[in-house]
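Take a look at the structure set out below.
Predicted model, so just to flag it, every value in this text is computed and none were measured. First listed ligand is number 1; within each ligand, the first listed atom is number 1. Computation of the quantities below employed the complete heavy-atom set of this structure, encompassing side-chain atoms and omitting hydrogens, waters and symmetry-equivalent molecules.
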Amino acid sequence: MNAQGLYIGERSASALAEEFGTPLYVYDCASIARRVQQLREHMPPGLSLHYAIKANPMPELVRFLGERVDGMDVASAGELQTALDNGMAGADISFAGPGKRDEELALAIGTGVTLSVESPGELQRIADIGQRLGMQPRIALRINPAFRLKAAGMHMGGAASPFGIDEEQAPGVLQQVATLPVRLRGLHIYAGSQNLSAPHLVEAQNAIFELAFRLAGYFPDGIEWLNIGGGFGIPYFPGEQALDIAPIADNLDKRMAESESRLPGCEIVLELGRYLVGEAGVYLCRIIDRKVSRGRVYLVTDGGMHHHLAASGNFGQVLRKNFPLRVANHVDNPEKETVTVVGPLCTPLDLLGDRVELPKAGPGDLIAILQSGAYGYSASPLEFLSHPRPEQVLL
Ligand SMILES: *Cc1c(COP(=O)(O)O)cnc(C)c1O
């Protein structure tokens with residue numbers, strides 16, 4: 001941000017809005033590359049870095065990241081196809097998620113993808129489809145651990161979940177696996193998301209390694225692949241601090257040294273979504289109208305919750321908070337104003353900024369929502385009210 005307004009990479013927001021129109025998602029490659037570089041510098045050299053595509057499945061972005069990470073995690077046949085079409089080898093892809101359809105399983109088995117098995121029923125279907133195709137499915141058991149990564153610390157006690165096989169059931173299921181024509185590669189243990197506390201992430205990773213060490217005895221050929229999840233968060237709201245990855249890297253160094261003896265030859269995978277792409281994205285929309293209602297100033301934009309559900313507070317937030325908002329174009333107005341930024345939808349849910357202080361702005365000016373590179377476009381109800389879809393640009 002300078003006197004000319006907001007820059008995204010080398011380009012000014014105004015020029016981008018002019019060239020591509022609004023509303024618009026802009027993703028900055030250089031920022032994504034820096035993030036990967038920073039992880040490579042800090043994390044143990046043997047650690048595999050995966051991208052969880054559901055954070056942002058834009059094909060050009062997937063291709064760009066594909067050249068920089070060791071693998072990808074997908075959650076549907078559609079995401080799997082995107083990964084394959086953009087240069088990822090099936091052997092470097094893992095596929096998790098409940099309710100995988102037979103066609104999805106067949107595509108994964110046929111392309112050598114590692115399937116994270118979510119239930120005993122799914123395990124049986126995978127084995128049956130593999131036999132029908134004459135191929136040996138590559139699988140990992142996804143475990144629903146008896147602990148959870150919580151903002152306030154580890155939650156012990158083990159919640160019910162549609163994801164993974166309960167830790168308590170894992171020994172029984174592993175015995176069932178031994179009787180089936182599948183290649184058991186390892187474990188997938190994912191404890192949570194959007195965490196900004198290094199101590200909590202360290203605690204969760206330690207619990208994940210402990211669990212893997214405990215279950216290793218049930219693997220006749222040893223564990224060759226361990227996906228320890230991710231959960232690295234990015235700061236969205238006032239008062240939140242960026243995650244300090246140094247203590248996590250130090251701890252992983254120790255755990256990986258330990259796993260060299262306890263899980264010899266095992267590949268350790270860290271799967272990250274928003275941490276890789278979230279901060280690299282900006283959503284731009286243009287103010288169409290400014291109105292005052294009973295003393296409250298509304299800026300009405302051409303963007304809204306139909307493009308950016310997360311910024312409206314309706315994607316996983318319990319108490320609604322404002323994403324970081326800026327007036328993105330040249331606004332040399334030192335005068336500030338408290339405004340409520342809304343979209344064009346006929347619902348009070350269509351709220352992008354609730355009573356935020358911004359430089360005074362009006363019709364024609366641009367609003368930018370930062371931290372919008374993950375769970376934006378693809379996590380929004382784009383069809384709702386039949387407005388045009390926003391463009392997406394990778395710089
Ligand atoms: C969604 C998901 C991720 C990515 O989560 P982020 O918060 O974007 O890092 C990783 N692993 C699994 C299993 C997921 O479901």
Which one of Tyr375, Phe163, Tyr190 has a non-hydrogen atom at the shortest distance from atom 12 (C) of ligand 1?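 The nearest heavy atom belongs to Tyr190.
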
Out of Arg142, Lys54, His50, Gln194, indicate the one that has the non-hydrogen atom closest to atom 3 (C) of ligand 1.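 The option holding the nearest heavy atom is Lys54.
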
Suppose I only count heavy atoms of Ala52 and a 4.0 Å limit; which atoms of ligand 1 are within that range? 3 (C), 4 (C), 10 (C)

Parallel, tilted or perpendicular: which one describes the rings of Tyr27 and Tyr25, with boundaries at 30° and 60°? parallel

Atom 11 (N) of ligand 1: the protein heavy-atom neighbour that sits closest, reported with distance to 0.1 Å: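 Protein heavy atom at minimum distance: Glu271 OE2, 2.8 Å.
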
Any idea which protein heavy atom is nearest atom 7 (O) of ligand 1, and the distance to it?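 Result for atom 7 (O) of ligand 1: Ser193 OG, 2.5 Å.
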
Test side-chain hydrogen bond (donor to acceptor under 3.5 Å, both in side chains) applied to His50 and Asp73, Asp70, Asp92, Asn227, the passing residue: Asp73

Please say whether Tyr275 places an N or O atom under 3.5 Å from an N or O atom belonging to ligand 1.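 No: no nitrogen or oxygen of Tyr275 is under 3.5 Å from one in ligand 1.
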
Quick one: does Gly273 get an N or O within less than 3.5 Å of an N or O on ligand 1?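 There is such a contact, yes.
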
Connecting only ILVMFWY residues whose side-chain heavy atoms lie within less than 4.5 Å of each other, what is the rest of Val300's hydrophobic cluster?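 Besides Val300, the cluster holds Tyr298, Val342, Leu351.
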
By the definition side chain to side chain contact (heavy atoms under 4.5 Å, CB included), identify the one residue from Leu115, Thr114, Leu84 that meets it with Ile93.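 Only one of Leu115, Thr114, Leu84 forms a side chain to side chain contact (heavy atoms under 4.5 Å, CB included) with Ile93, namely Leu84.
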
Pair listing, ring-ring contact (aromatic ring centres under 6.0 Å, His included) test, anchored in residues 369-388, at least two apart: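 Passing the test, one end in residues 369-388: His306-His387, Phe315-Tyr375.
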
Centroid separation under 6.0 Å, is that true for the rings of Phe323 and His308?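 Yes, close enough.
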
